[in-house]
**Student:** 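Would you mind keeping the following structure in view while I ask a few things?
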Amino acid sequence: MLFSDLVASSNRVAGTRSRLAKLRELAQCLRALAPEEIEIGVLWLSGEIRQGKIGLGYAAIRQAQPAPAQEASLTLLDVDQAIEQIMTTRGAGSATRRKNQLDSLLSRATAEEQSFLSRLVVGELRQGALAGLMVDAIAEASSLPVADVRRAAMYSQQVGTLARAALVEGSAGLAKFRIQVLSPIAPMLAQTAPDVETALEQLGGQAMFEWKVDGARVQVHKSDDTIRVFTRSLNDVTDAVPEVVEAIRGIAAREIVLDGETVALDSNGRPLPFQITMKRFGRKLDVDAMRRELPLHVYFFDCLQLDGESLADRPARERFEALERALPAGIRIPRITTTDAAAARAFYDGVLAKGHEGVMAKAVDSPYEAGNRGAGWLKIKHVHTLDLVVLAAEWGSGRRNGWLSNLHLGARDPAGGFVMLGKTFKGLTDSMLEWQTKEFLAREVRRDSYTVYVRPEIVVEIAFNDIQSSSQYAGGYALRFARVKAYRPDKPVGQANTIDDIRRIYAQQTTMTDR
DNA sequence: TTCCGACAGTGGGGTCGCAAT
DNA sequence: ATTGCGACCCCACTATCGGAA
């Protein structure tokens with residue numbers, strides 16, 4: 001297939017808002033792919049590439065602006081080969097060589113192909129369809145039941161592999177997709193609940209509550225002496241986390257697949273801030289030195305496979321029983337099962353007092369929905385709110401084009417002026433975007449290419465989860481997961497929260513985690 | 001007819017590794 | 001040595017479509 005045909009198909013997908021029309025267009029394009037093109041074509045139409053990340057991002061794309069080709073000549077395989085070459089270019093001088101290779105590829109592409117490639121490489125295809133819709137399109141194109149394809153998708157690491165199996169081998173091909181030890185699967189994700197009482201109600205009056213630890217997700221596979229540790233995005237980090245490997249090396253189970261969270265603890269066993277865990281977890285070098293300084297602990301909360309038996313479809317209760325049989329208590333997440341809201345509340349309070357970020361509430365009978373944000377798992381985290389002052393706003397992109405979107409947030413400095421604590425674009429409705437654009441422009445003092453700076457007159461109520469120490473912001477603090485709750489036109493700037501309030505919350509946090 | 005589940009989009013902060021400066 | 005970029009950890013929230021109720 002010509003690359004231009006696939007790009008045209010993507011543009012037609014982007015050109016309609018109807019998901020059914022997108023699905024039909026994708027399915028039609030899938031049917032036209034040659035067998036050896038299925039994997040790459042399906043990935044590209046899902047906004048991904050076979051090679052994953054290739055060491056080029058927004059900055060590289062912005063610099064590369066060669067004149068487009070007049071005629072479409074590239075095939076899918078041509079483009080795949082060029083991407084492969086870029087990805088394998090490493091070592092001294094490689095950044096320059098990769099940019100040259102990108103330039104060379106783009107110069108062989110038409111204007112539309114260039115646009116598609118650029119969006120693909122930076123990971124922002126923005127055609128209104130990604131792997132989620134592609135799974136349905138695969139079912140359509142292969143005439144296989146949607147439920148079967150979706151089920152297989154839970155256990156496939158790449159939608160391209162799934163598509164090739166479905167289109168070439170049919171239902172027999174789908175059967176290959178199941179939990180296999182040493183092969184990671186997409187972890188189940190959780191929805192959010194505002195508090196434990198609501199969570200208990202949503203889960204039907206009975207739920208399991210467990211610690212929510214603020215670290216990094218790990219999926220651990222053991223097959224005899226072979227142990228592998230994978231991240232949430234299925235990267236293999238086995239060599240970076242020897243403690244996790246050692247934690248299950250000695251268990252009796254010959255074969256097991258576990259879901260858990262790893263976190264750095266202090267000498268008293270209290271959790272360290274996420275930033276500290278990431279100093280350790282994010283590092284690949286000097287692991288031995290790092291583990292002496294910042295040892296990791298792991299808490300497992302689910303068991304997907306145990307000695308040849310897949311448990312993912314079993315009720316949560318049974319999976320947790322398997323966990324208890326297989327693991328010592330020290331590496332199992334503490335949990336209670338209750339119907340009593342007061343007990344749940346007391347558990348939540350206790351978990352926060354131990355320095356953790358909140359609790360998970362889980363339905364006792366729900367299956368493990370790999371890759372899904374299942375309604376059977378709810379997270380409840382502690383939230384702060386403060387009234388801050390808008391210092392500036394950045395122009396939005398995509399559907400927020402033409403609106404001032406991303407807010408620069410400042411706390412009042414009692415000594416005069418404001419201390420910036422970060423930015424947020426979250427929580428804004430379309431009508432708020434419209435309102436704030438008008439209000440900010442009326443208060444503009446200056447602007448640059450992205451940002452309109454305003455007189456500090458607008459107070460906004462901001463929710464956030466934590467305060468992190470920051471080297472980026474002058475005050476030394478940054479809000480974690482900041483989002484807008486409401487504008488506070490009733491509140492004069494003089495009554496907005498101050499940097500002292502921030503320091504107080506930060507001190508509270510660090511006391512909580514005993515540092 | 002209304003409700004709601006699933007998706008996609010819109011970006012946030014920090015940390016590390018690596019190449020360029 | 002320092003700087004900038006890219007990859008990857010953690011994410012929250014709204015709008016929308018289309019099937020479920």
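A, B, ... follow the sequence lines: proteins, then strands. Residue 1 opens every chain.
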**Student:** Sequence neighbours excluded, which residues qualify as side-chain hydrogen bond (donor to acceptor under 3.5 Å, both in side chains) partners of A/D466?
**Tutor:**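 Counting only residues at least two positions away or on another chain, A/D466 forms a side-chain hydrogen bond (donor to acceptor under 3.5 Å, both in side chains) with A/R480.
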**Student:** Using five base pairs at each end, measure the axis-to-axis angle across the helix from B/dA8-C/dT14 to B/dT21-C/dA1 and round it to 10 degrees.
**Tutor:** 20°
**Student:** Below 4.0 angstrom, which residues in residues 387-397 of chain A have at least one non-hydrogen atom near DNA chain C?
**Tutor:**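 When residues 387-397 of chain A is checked for heavy atoms under 4.0 Å from DNA chain C, there are no hits whatsoever.
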**Student:** Residues two or more places apart in sequence or in another chain: which of them pass ring pair (Phe, Tyr, Trp, His ring centres under 6.0 Å) with A/Y368?
**Tutor:**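 Applying ring pair (Phe, Tyr, Trp, His ring centres under 6.0 Å) to A/Y368 gives A/W377.
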**Student:** Distance check: side-chain N/O of A/S471 vs OP1/OP2 of B/dG14, anything under 4.0 Å?
**Tutor:**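 So the side chain of A/S471 is outside the cut-off, no N or O lying under 4.0 Å from OP1 or OP2 of B/dG14.
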**Student:** Is there a residue in residues 193-206 of chain A whose heavy atoms reach under 4.0 Å of DNA chain B, and which residues are they?
**Tutor:** none
**Student:** Rounded to whole Å, please give me the gap between CD1 in A/I276 and C1' in B/dC16.
**Tutor:**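 Going from CD1 in A/I276 over to C1' in B/dC16 covers 14 Å.
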**Student:** Between side-chain atoms of residues 282-290 of chain A and protein atoms elsewhere (two or more places apart, or another chain), which donor-acceptor pairs fall under 3.5 Å?
**Tutor:**
none

**Student:** Near DNA chain C, counting only heavy atoms under 4.0 Å, which residues of residues 58-66 of chain A show up?
**Tutor:**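 Here the set is A/Y58, A/A59, A/A60.
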**Student:** In residues 280-302 of chain A, which residues come under 4.0 Å of DNA chain B by heavy atom?
**Tutor:** A/G282, A/R283, A/K284, A/L285
**Student:** Does a side-chain N or O of A/Y477 approach OP1 or OP2 of B/dG13 to a distance below 4.0 Å, or not?
**Tutor:** no
**Student:** Taking the nucleotide of DNA chain C with the nearest heavy atom to each, does A/K53 or A/F274 sit closer to the 5' end?
**Tutor:**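 First, find each residue's nearest nucleotide; the 5'-ward one identifies A/K53.
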**Student:** Need two values: the first and the last nucleotide of DNA chain C, 5' to 3', having an atom under 4.0 Å from any heavy-atom of chain A.
**Tutor:** C/dC5 to C/dG19
**Student:** Please give me every residue in residues 129-162 of chain A whose heavy atoms get under 4.0 Å of an atom in DNA chain C, ordered by residue number.
**Tutor:**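 Within this stretch, nothing sits under 4.0 Å of the strand.
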**Student:** Tell me what A/S233 touches on the nucleic acid: a base, only sugar-phosphate, or nothing, going by heavy atoms under 4.0 Å.
**Tutor:** sugar-phosphate
**Student:** So A/R480, base contact, sugar-phosphate only, or nothing? Heavy-atom distance under 4.0 Å.
**Tutor:**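 Contact class for A/R480: sugar-phosphate only.
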**Student:** Tell me, which pairs form a side-chain hydrogen bond (donor to acceptor under 3.5 Å, both in side chains) where one or both residues lie in residues 143-152 of chain A, sequence neighbours left out?
**Tutor:** A/D136-A/R150, A/R151-A/D313
**Student:** Hey, is the side chain of A/Q275 poking within less than 4.0 Å of OP1 or OP2 on B/dG13, counting only N and O atoms?
**Tutor:**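 No, no such contact exists.
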**Student:** Can you identify which nucleotide, out of B/dG11, B/dT10, B/dG5, has its nearest atom closest to the A/R19 side chain?
**Tutor:**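 Selected nucleotide (nearest to the side chain): B/dG5.
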**Student:** Between protein and nucleic acid, restricted to nucleotides 19-21 of chain B and to nitrogen or oxygen atoms under 3.5 Å apart, what atom pairs and distances do you find?
**Tutor:**
{"from": "B/dA19", "atom 1": "OP1", "to": "A/G91", "atom 2": "N", "distance (Å)": "2.9"}
{"from": "B/dA19", "atom 1": "OP1", "to": "A/G91", "atom 2": "O", "distance (Å)": "3.4"}
{"from": "B/dA20", "atom 1": "OP1", "to": "A/T96", "atom 2": "N", "distance (Å)": "3.4"}
{"from": "B/dA20", "atom 1": "OP1", "to": "A/T96", "atom 2": "OG1", "distance (Å)": "3.0"}
{"from": "B/dA20", "atom 1": "OP2", "to": "A/G93", "atom 2": "N", "distance (Å)": "2.8"}

